[in-house]
Amino acid sequence: MSERFPEHKHDQIRELLDSLYRVDSGRILATLIRLLGDFDLAEEAMHEAFAAALSLWPTSGVPGNPRPWLISTARFKAIDTLRRRARFDASQDELVRYLEAQSSSAQSFNAEDSLEGVSLEDDRLRLIFTCCHPSLPPEARVALTLREVCGLTTEEIAKAFLTTPRTLAQRIVRAKAKIRETPIPYEVPTPQELPERLGAVLHVVYLVFNEGYSAAAGAEVTRADLTGEAIRLGRLLTELQPEPEVMGLLSLMLLHESRRAARTSPAGELILLENQDRSLWNREQIAEGVALLERALKSRRFGSYTLQAAIAAVHAEAESVAATDWRQIVALYDRLLQIQPSPVVQLNRAVAIAMCDGPEAGLTHIDAVLEHGELENYYLAHSARADMYRRLGRTAEARASYEKALALTQQEPERQFLQERIRQLK
């Protein structure tokens with residue numbers, strides 16, 4: 001029994017560290033990047049600190065506040081790394097001396113308060129704005145934010161954006177090099193700079209949420225870690241800059257997230273909106289989302305995120321699909337198309353038209369969208385077309401469209417749903 005206890009304790013520590021990594025690695029990394037001024041060094045040091053914790057904590061015990069311990073340990077690991085480099089590169093010696101002086105004089109990591117609350121969240125905001133700097137290409141901003149702020153692997157990001165891990169890794173390396181060489185400051189912009197930078201940040205947060213809300217690949221429909229992270233970032237941005245579109249984006253995310261518990265069965269199967277148990281919808285998130293939406297709408301300075309939130313609010317406040325005000329949803333999509341012309345918005349509008357005027361009308365609009373070719377490889381377009389055919393009783397065409405959609409999706413619950421639809425039509 002005594003021989004098995006250490007192994008059992010080791011497993012408990014591993015589980016704790018896995019949980020800490022999922023929840024806190026983004027904030028820990030953000031603080032280390034501020035302290036060290038180097039993305040790669042900070043990432044390497046953080047991983048070494050987690051490895052040290054796995055080795056030491058089973059015997060020394062878990063610190064009362066693990067996050068400061070991990071940050072402090074990572075910083076000393078980084079100093080050791082830089083000392084080794086300084087033997088071969090004299091330019092590293094000055095940085096080593098600076099970090100050592102900072103550690104001995106400030107002793108900032110002995111005080112838990114210095115690492116909690118607003119300081120850590122400030123580090124997170126600095127990192128977001130650094131990753132979303134306008135001098136970086138748009139695709140690099142998204143990749144870098146998902147990698148450094150949200151902790152996704154290169155493989156996960158590559159799957160989400162339908163590219164190869166090698167291509168994605170090259171984007172991230174080039175972005176880090178540009179931040180280092182420009183240099184791009186690691187800071188929240190001044191109020192004068194904020195308007196220019198805010199749009200890129202909101203777009204990245206929106207994409208992070210979308211990947212969490214409907215994962216591009218894998219065994220799960222949703223990724224609560226990503227949607228939760230995006231909402232947390234939305235809250236931080238709302239506190240920093242309570243502009244209508246910032247509130248609109250947070251509203252949109254909360255209203256969509258409110259449905260998460262109803263979107264899958266206990267077995268992980270996909271449940272469409274029309275079949276969801278609305279009693280499972282999170283009413284607190286809906287209330288908060290609607291309140292934010294009303295504030296954004298009153299400003300009359302809103303944009304696409306607020307209009308999307310308004311559409312989500314119509315769904316959230318309806319008792320059923322039949323009781324939904326589909327005419328209002330079509331009107332909101334009309335307004336959205338005026339300020340954000342997009343084939344995906346046109347597709348969503350076509351589905352709403354089908355709910356108002358029947359599947360024949362919806363099919364006409366979906367066919368018109370697909371004729372332009374931009375959504376040829378978008379599985380939801382073919383799935384929507386298949387549903388119109390199915391509702392019209394055109395079985396062979398429905399089956400062909402479902403099969404095309406099936407060939408284009410990598411998410412397992414979506415695949416199972418489409419396979420079941422195909423089976424039902426045979």
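Values reported hereafter were calculated over all heavy atoms of this structure, with side chains retained and with hydrogens, waters and symmetry mates removed.
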Ion pair [X]/[Y], N-O distance below 4.0 Å:
X	Y	value
K77	D80	no
K176	D40	yes
R349	D334	yes

[X] (side chain) donor-acceptor with [Y] (main chain) under 3.5 angstrom:
X	Y	result
T59	L56	yes
E376	G373	no
S72	P68	no
R34	D123	no
R197	F129	yes
Q276	I271	yes
R415	L406	yes
T182	I184	no
H315	V321	no
Y186	A30	yes

Do the non-hydrogen side-chain atoms of [X] and [Y] ever get within less than 4.5 Å of each other?
X	Y	answer
Y305	S251	no
V173	F39	no
C131	V149	yes
I179	L144	yes
W326	I329	yes
R235	L254	yes
L41	L82	yes
L237	L125	yes

Which is it for E43 and R147 under the side chain to side chain contact (heavy atoms under 4.5 Å, CB included) test, yes or no, and what are the steps along the way? CA-CA 11 Å; E43 197 167 344; R147 182 73 186 86; 2.6 Å; yes
Take V314 and I311 through the test side chain to side chain contact (heavy atoms under 4.5 Å, CB included) and record every step on the way to the result. CA-CA 5 Å; V314 176; I311 293 166; 5.8 Å; no
Rounded to the nearest 0.5 Å, how far apart are [atom1] of [X] and [atom2] of [Y]?
X	Y	atom1	atom2	result
Q411	T222	CD	OG1	8.5 Å
L233	L250	CG	CG	10.5 Å
E243	T306	CD	OG1	11.0 Å
M46	I28	CE	CD1	7.0 Å

How about [atom1] on [X], more than 12 heavy atoms from neighbouring residues, nucleotides or ligands closer than 6.0 Å, or not?
X	atom1	value
R391	CZ	yes
E181	CD	yes
R283	CZ	yes

Counterpart residues, ring-ring contact (aromatic ring centres under 6.0 Å, His included), relative to Y402 (two or more places apart): none
Can you sort out the partners of W281 under ring-ring contact (aromatic ring centres under 6.0 Å, His included), two or more places apart, ordered by chain and number? none
Would you please test L272 and F417 for side chain to side chain contact (heavy atoms under 4.5 Å, CB included) and show each step? CA-CA 10 Å; L272 298 185; F417 171 81; 3.6 Å; yes
Within 45° of the axis and under 6.0 Å from the centre of the six-membered ring of Y213, does NZ or CZ of R263 qualify? yes
Trace of the side chain to side chain donor-acceptor pair (under 3.5 Å) decision for E420 with Q424: CA-CA 6 Å; E420 178 60 20; Q424 291 170 359; 3.2 Å; yes
Distance-only side-chain donor-acceptor flag, T409 / E414, under 3.5 Å: no
Sort out for me which residue in E245, M253, M247 forms a side-chain contact (heavy atoms from CB on, under 4.5 Å) with L249. M253
The single option from I172, L168, V208 that satisfies side-chain contact (heavy atoms from CB on, under 4.5 Å) with L146 is V208
Taking all non-hydrogen atoms of both residues, which atom of R141 and which atom of H133 are closest, and how far apart? NE-O, 3.3 Å
If every non-hydrogen atom of A175 is compared with every non-hydrogen atom of A140, which pair is closest and at what distance? CB-CB, 4.0 Å
Pair L35, I71 - check side chain to side chain contact (heavy atoms under 4.5 Å, CB included), show working. CA-CA 10 Å; L35 294 169; I71 294 172; 4.2 Å; yes
